[in-house]
Amino acid sequence: MYLGVHVSTDRKSLTGKTMEFDFKHIEEKWQKVWRERKLYRSQSLPDKRKYYVLEMFPYPSGRIHMGHVRNYTIGDVIARYKMLRGFNVLHPVGFDAFGQPAENAAIKNNTDPGKWTCECIDRMKKELFRMGFSYDWDRELATCLPEYYKWNQWIFLKMFEKGLAYKKASYVNWCPSCLTTLANEEVIGGGCWRCSTPVVEKELDQWYLKITAYSDKLLSGLDTLKNWPERVLTMQKNWIGKSYGVEIYFKLENGEVLRVFTTRPDTIFGATYVVLAPEHPLVKQLIVNKPQEKEVLGFIDKVAAESKLARVGTDVKKEGKFTGAYAINPVNGEKIPIWVADYVLMEYGTGAIMAVPTHDQRDFLFAKENNLPMRVVITPKDKESRVEDMVEAYEDEGIMVNSGAFNGYTSAEGKKKIALWMEEKLMGKASVHWRLRDWLISRQRYWGTPIPIIYCDSCGVVPVPEEALPVVLPKNVKISGEGGSPLGKVKSFVETQCPKCRKKARRETDTMATFLDSSWYFLRFCSPRDTKAPFDIEEAKYWMPVDQYIGGIEHAVLHLLYSRFFTKFLKDLGQVHLAEPFDRLLTQGMVLKDGEVMSKSKGNIVDPDEIIKKYGADTLRLFILFAAPPEAELDWNDTGMDGAWRFLCRVWRLVAALPHTGALRKDKGQLLPGRHCAVIKKMHKTIKKVTQDMEGGFKFNTAISSIMELVNELYRLSEPEQKSEEAVDALRAIVTLLAPFVPHVCEEMNHMLGGKESVFKASWPSFDEAFIKEDEVSYVIQVNGKVRSKVNAGVEASEEEVKLLALGDPKVKEWLKGISVKKIIVVPGKLVSIVAVPASGRG
RNA sequence: GCCGAAGUGGUGGAAUGGCAUACACGACGGUCUCAAAAACCGUUAGGUUCACGCCUGUGAGGGUUCGACUCCCUCCUUCGGCACCA
């Protein structure tokens, strides 16, 4: 039996005599044991409560960084804790293996992206393994394998069947560096999410998924996510962006109708011009044969050439041109000019607005610049406002004026009344507009899932039949990196037969956005080897939802929105029973160094591998968990690592100093009764506190600190006392309480304490209130809000008794000299607050 | 501009209406040692006092309360997200 205390050879700075433990030996030993015994293999057991804990699976870059370490450590602690609580835990891992980095690496090194990815996965697995994570490796998956992406194609075809996958020509976001299109969610601050290059617009024929069909459900579903961070909910809510308003119909001279969306129908009488987005389909009709034609066309080209970033920048001046055409305001028959301007966006609302310069700041600035008319239609209460005095638009609510029959109403009333009136007179229609756009999924890249579509000259767009799946991504493809879908150059792939008419046809050569792969992988983990379906419905019924999901905030509106969309779609398809995939969400904070994000360019990266070599995985885990709460940012510091290491050594020494485990029970120490109680009481208190911290939101840092307190308590004992039965009981509790955080060393200590099984087969220690209960409580005594003394009182003491005790206290008496007591507040078990005023009777 | 989060010792952080600064890091002092390291013990918000103490103190200011880091109002600062959304 291993009982020895080894001197670490890797850490020169802390080599003591029998002070340290050999983490290298211990970690390797237990990782091997766990693997061989398949300790973390999971299977559905209908009679057992399940717990599905999942961390956002990694992109296999080949190396893990501190962000990964933190993310997966948090998940691992939760998984191990739930195991100890008797749950049937599912804790899988896989790789989000399609994507551009592999393709770029392939271009650079002239290798195959598949080979590169597999090598990265292997390297990464070794690193993950060294951290001691409790993954069920039998469920490992990689999205780049045909057995996985076949089901991406299957889901796509189901969507196509339901009209939720469609192709359309439109203006799309284009990254000039990645040479591919981007979804709206992938444009971050006007730049590409991957390389930050300013995104430009391009008119292309592309595939979309109709996520907007689920706008309402995606929005209302947010209310059911009680255990998601407020921040993420808000971000999704804003992203979906529901606004209520009215669509108003303006007649044009040529008989066409221009639809305009507004959230302020109460200002319609103040509309003095209308503005179209430069891309608006009516613009070109309106200017035909007008003197303005040439100028407007020039302006449209100019806007089209601008990057999105340049167009929507804060300080960019709004520019526009008069089209020469007019529209009729339906409420008063007024003929108002139609302009084209860059501040109106085609992708929102109807791509056209009614401009009310007096009550919209953007319209105000634009009208001033271009000498357009203005009319006040809303005034602040009890105040007159005049156009001549206005220095900015009045955007608040107010009283309607110059608005015909609606004069005198408040804007809130007016909004409702005008909407009703317009509907009645067919001038417009109450409507809702969304900010959310359909999800553009075509990518002009190689390393992704082929879109299972065939183009036939006779039959048109034909889906690949289900039985012909997967459409396998061809290997050995020459990727130039010069743009254009690489699959387009693979003759054997492109040329195919039409599934309908058997004539020659062509395959779609774009691949799917990789966010599609990750939109349902959590379902695949329920039955990862299923060959008949994306996942087994019964298995999913047992394991889903993910009880605890953990990942970075950067996916607040990308992955987390798409996954919700897919789950809702699969529910409608009858594949899954729930509408929301993730019950609880924890967004872990970033790992910083000197207050800055770790990055190659800043040269401030701390490599987990080096830290593991120097301190071991347990110490690294402990430091990361102890240094900050999981949601908060964590500033890396090396001395903190030493602290974590020292603590583990302190615990280790207590265990290592015990005589051979077999003799322990006989070796009753000689504890004084008072001491005896103190250790046992502290143990029960600690178990209670740690349990509460784990249950009430995973407050690992405070859980660990309370375990430290218990350890400190043991160090206050004499050496013989440290070997007493009571101390050993406390040590056993410590080992189990610490096990989720530092699993290897706890396995070893559990073994040293005579444990025959893995510590994770044990159950979480329980506490007994009877041991925690105090006979006496210390009451704080405040006089006029300041702490002046303390008294001890029995737990059972009545308020009256406590009051008398407080008033009898000599220090309190001193403070009450010359003033008279007005009121005494007793908070049972806590404090007495005495309110007193000067006795001189002035008041 | 809008939305969100945060602001506490030299540092990371704890306390969500009841003793502010648990736990840890760092620093200082001590024990052990020829010495150092390690380990162990102690001190460590500021001011004031020989001392017991007392006063001040959780970004700023105000309010509610017997009592506020905690709740409310008005600001300031930092970070994050969104941003011509009609």
Side-chain angles (χ1 to χ4, degrees), chain A residues 12-20 188-190 229-235 237-239 241-243 245 260-264 267 274-275 277 311-314 316-318 341-345 347-356 360-363 365-366 433-435 553-554 556-557 589-590 595 623 626-629 631-644 646-647 649-650 653 689 699 701-709 711-712 715-716 778-790 811 822-827 829-836:
Chain A
K12 300 273 189 287
S13 61
L14 285 176
T15 41
K17 279 157 205 142
T18 57
M19 303 298 186
E20 301 188 349
I188 311 289
E230 197 54 43
R231 196 163 146 220
V232 176
L233 295 174
T234 312
M235 282 166 82
K237 202 173 159 193
N238 291 343
W239 189 262
K242 185 178 191 176
S243 35
V260 151
F261 177 70
T262 181
T263 54
R264 292 292 305 268
T267 65
V274 295
V275 190
R311 184 164 162 193
V312 301
T314 328
V316 179
K317 202 161 119 194
K318 299 161 190 13
D342 55 3
Y343 78 100
V344 175
L345 308 173
E347 64 259 30
Y348 186 77
T350 59
I353 62 156
M354 63 174 205
V356 185
D360 182 290
Q361 186 59 18
R362 290 157 302 171
D363 297 342
L365 292 174
F366 191 77
H433 277 263
W434 303 86
R435 193 183 165 284
I553 186 78
E554 66 273 17
V557 285
M590 286 198 288
F623 167 71
F626 178 63
E631 301 85 359
E633 287 182 337
L634 185 154
D635 208 350
W636 181 268
N637 82 341
D638 294 323
T639 55
M641 280 297 302
D642 285 329
R646 271 203 296 264
F647 169 68
C649 289
R650 270 164 79 81
R653 279 199 305 274
K689 168 77 172 134
K699 295 181 205 155
N701 56 333
T702 51
I704 293 166
S705 74
S706 56
I707 299 171
M708 286 173 168
E709 284 182 52
V711 172
N712 289 345
Y715 268 87
R716 267 175 223 125
S778 167
Y779 276 83
V780 169
I781 307 171
Q782 295 185 343
V783 177
N784 285 335
K786 283 188 199 286
V787 178
R788 294 306 184 189
S789 187
K790 281 171 207 178
K811 276 190 208 160
K822 209 179 141 194
K823 195 174 166 188
I824 301 176
I825 295 139
V826 178
V827 182
K830 275 185 181 159
L831 100 171
V832 181
S833 184
I834 302 168
V835 189

Trainee: Between A/E709 and A/A627, who's closer to the 5' end of RNA chain B by nearest nucleotide?
Mentor: A/A627
Trainee: Send over the distance from A/I188 CD1 to B/rG81 P, rounded to a whole Å.
Mentor: 8 Å
Trainee: Just how far, in rounded Å, is C1' of B/rA83 from CD of A/E347?
Mentor: 13 Å
Trainee: Below 3.5 Å, does any donor atom in the side chain of A/K790 face an acceptor in the base of B/rC19, or the other way round?
Mentor: yes
Trainee: In whole Å, I'd like the distance from the CG atom of A/D638 to the P atom of B/rG12.
Mentor: 16 Å
Trainee: Is there a donor and acceptor pair closer than 3.5 Å between the side chain of A/K318 and the base of B/rC84?
Mentor: yes
Trainee: Reckon A/D363 touches a base, only the sugar-phosphate, or nothing at all at heavy-atom distances under 4.0 Å?
Mentor: nothing
Trainee: Closest to the A/R646 side chain: B/rC3, B/rG26, B/rG13?
Mentor: B/rG26
Trainee: Does B/rG46 sit syn or anti, given that only angles within 90° of 0 count as syn?
Mentor: anti
Trainee: Would you mind telling me which of B/rG13, B/rA15, B/rG26 lies closest to the side-chain atoms of A/T639?
Mentor: B/rG26
Trainee: Restricting to non-hydrogen atoms, name the atom on A/V344 and the atom on A/A277 that form the minimum distance, rounded to 0.1 Å.
Mentor: O-CB, 3.3 Å
Trainee: Taking CG from A/L634 and P from B/rU11, how many angstroms apart are they, rounded to a whole number?
Mentor: 17 Å
Trainee: Between B/rA22 and B/rU44, how far apart are the P atoms? Round to whole Å, please.
Mentor: 10 Å
Trainee: Closest to the A/N637 side chain: B/rC25, B/rA86, B/rA15?
Mentor: B/rC25
Trainee: Which dot-bracket string fits RNA chain B when only Watson-Crick or G-U wobble pairs with both atom distances under 3.5 Å count, crossing pairs get [ ], and | stands for a partner on a different strand?
Mentor: (((((((..(((.....[....)))((((((.......))))))((((....))))..(((((..]....))))))))))))....
Trainee: Round to the nearest Å and state the distance from A/W636 atom CH2 to B/rG13 atom P.
Mentor: 15 Å
Trainee: From B/rG13, B/rA15, B/rG18, pick the nucleotide closest to the side chain of A/A628?
Mentor: B/rG13
Trainee: Using atom C1' of each nucleotide, how far apart are B/rG67 and B/rC19 to the nearest Å?
Mentor: 12 Å
Trainee: Would you say the base of B/rC66 and the side-chain of A/S833 have a donor-acceptor pair closer than 3.5 Å?
Mentor: yes
Trainee: Starting the side chain at C-beta, find the nucleotide from B/rA24, B/rA39, B/rA86 nearest to A/F626.
Mentor: B/rA24
Trainee: Below the 4.0 Å mark, does B/rC40 have OP1 or OP2 next to a side-chain nitrogen or oxygen of A/R650?
Mentor: yes
Trainee: Please step through ring-ring contact (aromatic ring centres under 6.0 Å, His included) for the pair A/Y348 and A/W434, ending with a clear verdict.
Mentor: CA-CA 8 Å; A/Y348 186 77; A/W434 303 86; over 10 Å; no
Trainee: From the options B/rG13, B/rA86, B/rC23, select the nucleotide whose nearest atom is closest to the side chain of A/S705.
Mentor: B/rC23
Trainee: The side chain of A/S243 is closest to which nucleotide in this list: B/rC54, B/rC66, B/rA86?
Mentor: B/rA86
Trainee: What side-chain donor-acceptor pairs closer than 3.5 Å can you find for residues 780-788 of chain A, not counting sequence neighbours?
Mentor:
{"from": "A/N784", "atom 1": "OD1", "to": "A/A836", "atom 2": "N", "distance (Å)": "3.0"}
{"from": "A/N784", "atom 1": "ND2", "to": "A/A836", "atom 2": "O", "distance (Å)": "3.2"}

Trainee: When the P atoms of B/rC3 and B/rU74 are compared, how many Å lie between them, rounded to an integer?
Mentor: 12 Å
Trainee: Quantified in whole Å, what is the C1' atom distance between nucleotide B/rG46 and nucleotide B/rG10?
Mentor: 13 Å
Trainee: What distance, rounded to whole Å, do you find between the two C1' atoms, one in B/rG12 and one in B/rG62?
Mentor: 32 Å
Trainee: Side-chain contact test, heavy atoms from C-beta onward, threshold under 4.5 Å: evaluate it for A/I824 versus A/V832 and give yes or no.
Mentor: yes
Trainee: Looking at every heavy atom in both A/T267 and A/M354, which two are closest together, and how far apart are they?
Mentor: OG1-CE, 3.5 Å
Trainee: Starting at atom CD of A/E633, determine the distance to atom P of B/rG7, rounded to an integer number of angstrom.
Mentor: 12 Å
Trainee: If you check the A/Y715 side chain, which of B/rA15, B/rC23, B/rC40 turns out closest?
Mentor: B/rC40
Trainee: Closest nucleotide of RNA chain B for A/G349 versus for A/K699: which of these residues is on the 5' side?
Mentor: A/K699
Trainee: Between the side chains of A/R435 and A/N238, does any donor sit under 3.5 Å from an acceptor?
Mentor: no
Trainee: Heavy-atom count around A/K237 NZ within 6.0 Å, excluding the residue itself: above 12?
Mentor: no
Trainee: Provide, to the nearest angstrom, the distance between the CZ atom belonging to A/R231 and the P atom belonging to B/rA5.
Mentor: 9 Å
Trainee: Are the side chains of A/F626 and A/T702 in contact, using a 4.5 Å heavy-atom criterion?
Mentor: no
Trainee: Please state the P separation for the pair B/rC71 and B/rG7 - nearest whole angstrom.
Mentor: 11 Å
Trainee: What contact category does A/P629 fall into here, base, sugar-phosphate, or nothing, at under 4.0 angstrom with non-hydrogen atoms?
Mentor: sugar-phosphate
Trainee: Using atom C1' of each nucleotide, how far apart are B/rA38 and B/rG30 to the nearest Å?
Mentor: 16 Å
Trainee: Can you say whether the rings of A/F261 and A/H433 are parallel (under 30°), tilted (30 to 60°) or perpendicular (over 60°)?
Mentor: tilted
Trainee: Considering only heavy atoms and no angle criterion, is a donor-acceptor pair shorter than 3.5 Å present between the side chain of A/Q782 and the base of B/rG18?
Mentor: yes
Trainee: Describe the nucleic acid contact of A/E230 in one word from base, sugar-phosphate, nothing, applying a heavy-atom distance below 4.0 Å.
Mentor: nothing
Trainee: Please state the P separation for the pair B/rU43 and B/rU21 - nearest whole angstrom.
Mentor: 14 Å
Trainee: Base, sugar-phosphate alone, or nothing: which one does A/G643 contact when heavy atoms must sit under 4.0 Å apart?
Mentor: sugar-phosphate
Trainee: Regarding A/R435, tell me which of base, sugar-phosphate or nothing describes its non-hydrogen contacts under 4.0 Å with the strands shown.
Mentor: base
Trainee: Starting from P on B/rG80, measure out to CG on A/N238 and report it in whole angstrom.
Mentor: 18 Å
Trainee: For the side chain of A/T234, counting heavy atoms from C-beta on, which of B/rA24, B/rC41, B/rG4 is nearest?
Mentor: B/rG4
Trainee: For A/N701, report the nucleic acid contact type (base, sugar-phosphate, nothing); a contact means any heavy atom under 4.0 Å.
Mentor: sugar-phosphate
Trainee: Search all heavy atoms of A/K318 against all heavy atoms of A/Y343 and return the closest pair with its distance.
Mentor: CG-CB, 3.8 Å
Trainee: Which atoms form the tightest heavy-atom contact between A/Y779 and A/V827, and what is the distance?
Mentor: CE2-O, 3.6 Å
Trainee: At 4.0 Å (heavy atoms only), tell me whether A/V787 reaches a base, stays on the sugar-phosphate, or touches nothing.
Mentor: sugar-phosphate
